[in-house]
Amino acid sequence: MNSPKIARLSLELSLETAAKKLGISAGYLSQIENGQRQVSKERATQIADLYKVQKEQIFLASRYSVREVGKAKGGD
């Protein structure tokens with residue numbers, strides 16, 4: 001799993017339902033999920049807890065931006 005949106009969808013939570021449970025607007029949550037907003041450590045923890053994943057699975061710890069995992073490059 002590599003994004004908050006995938007984590008949310010795997011739980012079959014709508015954007016609106018998740019945002020309501022987090023106490024934020026759906027637009028703000030959408031921006032977080034799409035990597036357009038960074039979040040505090042506390043907010044990242046709230047989102048990860050709601051989505052039942054560890055925050056390091058969906059956010060980069062350094063600035064709590066959305067984590068994107070790409071293909072590893074092979075080296076000779």
Side-chain angles (χ1 to χ4, degrees):
M1 184 161 316
N2 62 0
S3 83
K5 184 175 183 177
I6 292 170
R8 175 177 56 77
L9 292 174
S10 74
L11 294 175
E12 299 182 1
L13 280 175
S14 71
L15 185 67
E16 293 78 11
T17 299
K20 185 175 182 178
K21 289 180 182 235
L22 292 165
I24 60 177
S25 72
Y28 182 59
L29 181 56
S30 177
Q31 289 175 335
I32 292 169
E33 289 186 350
N34 290 310
Q36 298 170 331
R37 291 271 183 147
Q38 293 180 358
V39 294
S40 67
K41 179 180 178 180
E42 293 79 15
R43 178 70 71 198
T45 299
Q46 290 174 336
I47 293 168
D49 287 350
L50 178 62
Y51 295 174
K52 299 181 183 353
V53 297
Q54 294 197 6
K55 69 178 170 244
E56 293 80 12
Q57 290 180 274
I58 57 175
F59 294 106
L60 296 173
S62 63
R63 293 171 42 162
Y64 295 100
S65 56
V66 171
R67 179 183 182 105
E68 293 188 27
V69 179
K71 294 181 181 177
K73 293 183 180 179
D76 292 42

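Here the structure is a predicted model, which means the values were calculated and not measured.
- The backbone N or O of Ile47 sits nowhere less than 3.5 Å from a side-chain atom of Arg8 that would complete a donor-acceptor pair.
- Between the NZ atom in Lys55 and the CD atom in Glu42 there is a gap of 8.5 Å [rounded to 0.5 Å].
- From Gln38, atom CD reaches atom CZ of Phe59 across 11.0 Å, with rounding to the nearest 0.5 Å.
- Of the possible donor and acceptor atoms, none in the side chain of Ser30 sits under 3.5 Å from a partner among the backbone N and O of Ala26.
- In terms of heavy atoms, Ser10 sits closest to Ala7 at OG-O, 2.7 Å.
- Taken from CG in Leu11 to CD1 in Ile6, the straight-line distance is 12.5 Å, to the nearest 0.5 Å.
- Looking at every heavy atom in both residues, Tyr51 comes nearest to Pro4 through CE1-O, 3.2 Å.
- Here the CD atom belonging to Glu33 is positioned 7.0 Å from the NZ atom belonging to Lys5, to the nearest 0.5 angstrom.
- Separating the OG atom in Ser14 from the NZ atom in Lys20 is a distance of 10.0 Å, to the nearest 0.5 Å.
- Across all non-hydrogen atoms, the minimal contact from Gln54 to Ala48 is C-CB, 4.0 Å.
- Residues Ile58 and Val53 approach most closely at CD1-CG2, 3.8 Å, considering heavy atoms.
- Considering all non-hydrogen atoms of both residues, Leu13 and Leu9 come closest at O-CD2, 4.4 Å.
- Nearest heavy-atom pair across Arg43 and Leu22 is NH1-O, 3.2 Å.
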